[in-house]
A.B. asks: 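Here it is: the structure, laid out below.
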Amino acid sequence: MSDHDFDFEPQPGLPAPLPAGEDLLWQGSPDPATLAREAFKANWVLGYLLVIAVWRASAAFPDGGFGRSVAVFLPYLALALAGYGLVRLLARASARAAIYTITSQRVILRIGAALQVTWTVPFTKIANASLATRPMTGTGTIALDLVDGQHISYLALWPHLRPGF
């Protein structure tokens, strides 16, 4: 069996061929490191777990000195790094499974690492679109505001959305 035996998309990111008159303008996927940092808050998770490790080590210092502190700190450090690695792995899986497509008529989001879902948002349902670029990292964020009365569930889109903007 080849890889194409299980490929149900005529083109990656598109659930069906584009209709006549609709053109593909842009296609892309999230950067795994940026998704981990911004949506999964990987740096905050690591910082929190390291604070716990230092706190536990400092609490052990009066009972056994520096040696006891290090002995308590190392397992917590290992758990902190494992937690950080797990968050990065989840972000990588989410990023690899996602394809964002902009056509001349609509925006198509194919997302989901475990269960793939395709969201199609016609331009008539989009009130505003904005782009925030980060020149230092070469990444950016496209934010879509839907017209009044239109919404997509936060849980259905996470981590591919920015809540509150």
Side-chain angles (χ1 to χ4, degrees), residues 1-52 78-165:
M1 292 190 134
S2 71
D3 290 339
H4 299 289
D5 291 339
F6 297 105
D7 189 10
F8 300 108
E9 297 176 321
Q11 180 178 347
L14 298 176
L18 292 176
E22 186 173 4
D23 298 317
L24 179 67
L25 302 177
W26 178 84
Q27 223 174 24
S29 294
D31 176 57
T34 303
L35 191 65
R37 185 177 59 250
E38 293 183 6
F40 285 84
K41 305 297 183 195
N43 294 346
W44 285 97
V45 169
L46 179 62
Y48 176 75
L49 295 174
L50 289 176
V51 166
I52 290 173
L79 288 172
L81 294 176
Y84 178 73
L86 182 62
V87 170
R88 293 292 301 250
L89 185 65
L90 290 171
R92 180 180 167 91
S94 291
R96 290 191 66 182
I99 299 177
Y100 308 143
T101 304
I102 300 175
T103 71
S104 56
Q105 308 272 328
R106 58 194 166 149
V107 174
I108 303 167
L109 306 170
R110 197 217 44 209
I111 58 175
L115 178 62
Q116 288 190 345
V117 177
T118 302
W119 292 95
T120 299
V121 183
F123 285 162
T124 58
K125 303 295 182 188
I126 298 174
N128 186 31
S130 62
L131 172 66
T133 58
R134 291 170 210 81
M136 301 267 306
T137 62
T139 62
T141 299
I142 299 171
L144 303 176
D145 294 325
L146 300 181
V147 296
D148 288 337
Q150 299 294 316
H151 70 278
I152 301 174
S153 169
Y154 174 85
L155 291 176
L157 286 178
W158 189 85
H160 305 278
L161 79 159
R162 291 187 323 172
F165 291 96

A.B. asks: Scan for ring-ring contact (aromatic ring centres under 6.0 Å, His included) pairs involving residues 121-145, sequence neighbours excluded, and state none if there are none.
C.D. replies: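 Applying ring-ring contact (aromatic ring centres under 6.0 Å, His included) to every pair that reaches into residues 121-145, excluding sequence neighbours, yields nothing.
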
A.B. asks: Do any pairs count as a salt bridge (Lys or Arg N to Asp or Glu O under 4.0 Å) and have a residue in residues 124-133, sequence neighbours left out, and if so which ones?
C.D. replies: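 For residues 124-133, and leaving out neighbouring residues, there are no salt bridge (Lys or Arg N to Asp or Glu O under 4.0 Å) pairs at all.
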
A.B. asks: Restricting to side chain to side chain contact (heavy atoms under 4.5 Å, CB included), what partner residues turn up for Leu131, sequence neighbours left out?
C.D. replies: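 Per chain and number, Leu131 pairs via side chain to side chain contact (heavy atoms under 4.5 Å, CB included) with Thr133, Ile142.
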
A.B. asks: Provide the full list of salt bridge (Lys or Arg N to Asp or Glu O under 4.0 Å) pairs with a residue in residues 14-30, sequence neighbours left out, each pair given once.
C.D. replies: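 Sorted result for residues 14-30: Glu22-Arg106.
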
A.B. asks: Does the side chain of Ile152 come within less than 4.5 Å of Leu161's, by heavy atoms?
C.D. replies: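 Heavy-atom side-chain distance check fails, nothing below 4.5 Å.
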
A.B. asks: Sequence neighbours left out, what passes side chain to side chain contact (heavy atoms under 4.5 Å, CB included) with Gln27? Give chain and number order.
C.D. replies: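 With sequence neighbours excluded, Gln27 shows a side chain to side chain contact (heavy atoms under 4.5 Å, CB included) to Gln11, Leu14, Leu24, Ile99, Thr101, given in chain and number order.
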
A.B. asks: Below 4.5 Å, heavy atoms only, C-beta onward: do Pro15 and Ile108 meet side chain to side chain?
C.D. replies: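 They are in contact (side-chain heavy atoms under 4.5 Å apart), so the answer is yes.
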
A.B. asks: According to the ring-ring contact (aromatic ring centres under 6.0 Å, His included) rule, which pairs have a member within residues 11-41, sequence neighbours left out?
C.D. replies: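 Qualifying pairs, neighbours excluded: Phe40-Trp158.
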
A.B. asks: What residue pairs, at least two apart or across chains, pass ring-ring contact (aromatic ring centres under 6.0 Å, His included) with a residue in residues 94-114?
C.D. replies: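 Found Tyr100-His160.
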
A.B. asks: Kindly state each residue pair satisfying salt bridge (Lys or Arg N to Asp or Glu O under 4.0 Å) with at least one member in residues 29-40, sequence neighbours excluded.
C.D. replies: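 Of all non-adjacent pairs touching residues 29-40, those that pass salt bridge (Lys or Arg N to Asp or Glu O under 4.0 Å) are Glu38-Arg134.
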
A.B. asks: Restricting to non-hydrogen atoms, name the atom on Ala80 and the atom on Leu49 that form the minimum distance, rounded to 0.1 Å.
C.D. replies: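 Heavy atoms only, the tightest pair is CB-CB, 3.5 Å.
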
A.B. asks: How would you list, by chain and number, every residue that makes a side chain to side chain contact (heavy atoms under 4.5 Å, CB included) with Tyr48, sequence neighbours excluded?
C.D. replies: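 Tyr48: side chain to side chain contact (heavy atoms under 4.5 Å, CB included) contacts with Ile52.
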
A.B. asks: Below 3.5 Å, can you tabulate the donor-acceptor pairs from side chains in residues 85-98 to any protein atom, sequence neighbours excluded?
C.D. replies:
residue, atom, partner, partner atom, Å
Arg88, NH1, Tyr84, OH, 3.0
Ser94, OG, Leu90, O, 3.2

A.B. asks: Determine, stepwise, if the pair Leu146 / Ile126 fulfils side-chain contact (heavy atoms from CB on, under 4.5 Å).
C.D. replies: CA-CA 4 Å; Leu146 300 181; Ile126 298 174; 4.2 Å; yes

A.B. asks: Can you tell me if Asp148 has over 12 outside heavy atoms packed within less than 6.0 Å of its CG?
C.D. replies: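 Result for CG/Asp148: open.
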
A.B. asks: How would you list all residue pairs meeting side chain to side chain donor-acceptor pair (under 3.5 Å) that involve residues 107-124, not counting sequence neighbours?
C.D. replies: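 Output for this query lists Glu9-Arg110.
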
A.B. asks: Could you tell me which residues satisfy side chain to side chain contact (heavy atoms under 4.5 Å, CB included) with Leu79, sequence neighbours excluded, listed by chain and number?
C.D. replies: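 For Leu79 there are no side chain to side chain contact (heavy atoms under 4.5 Å, CB included) partners, ignoring immediate neighbours.
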
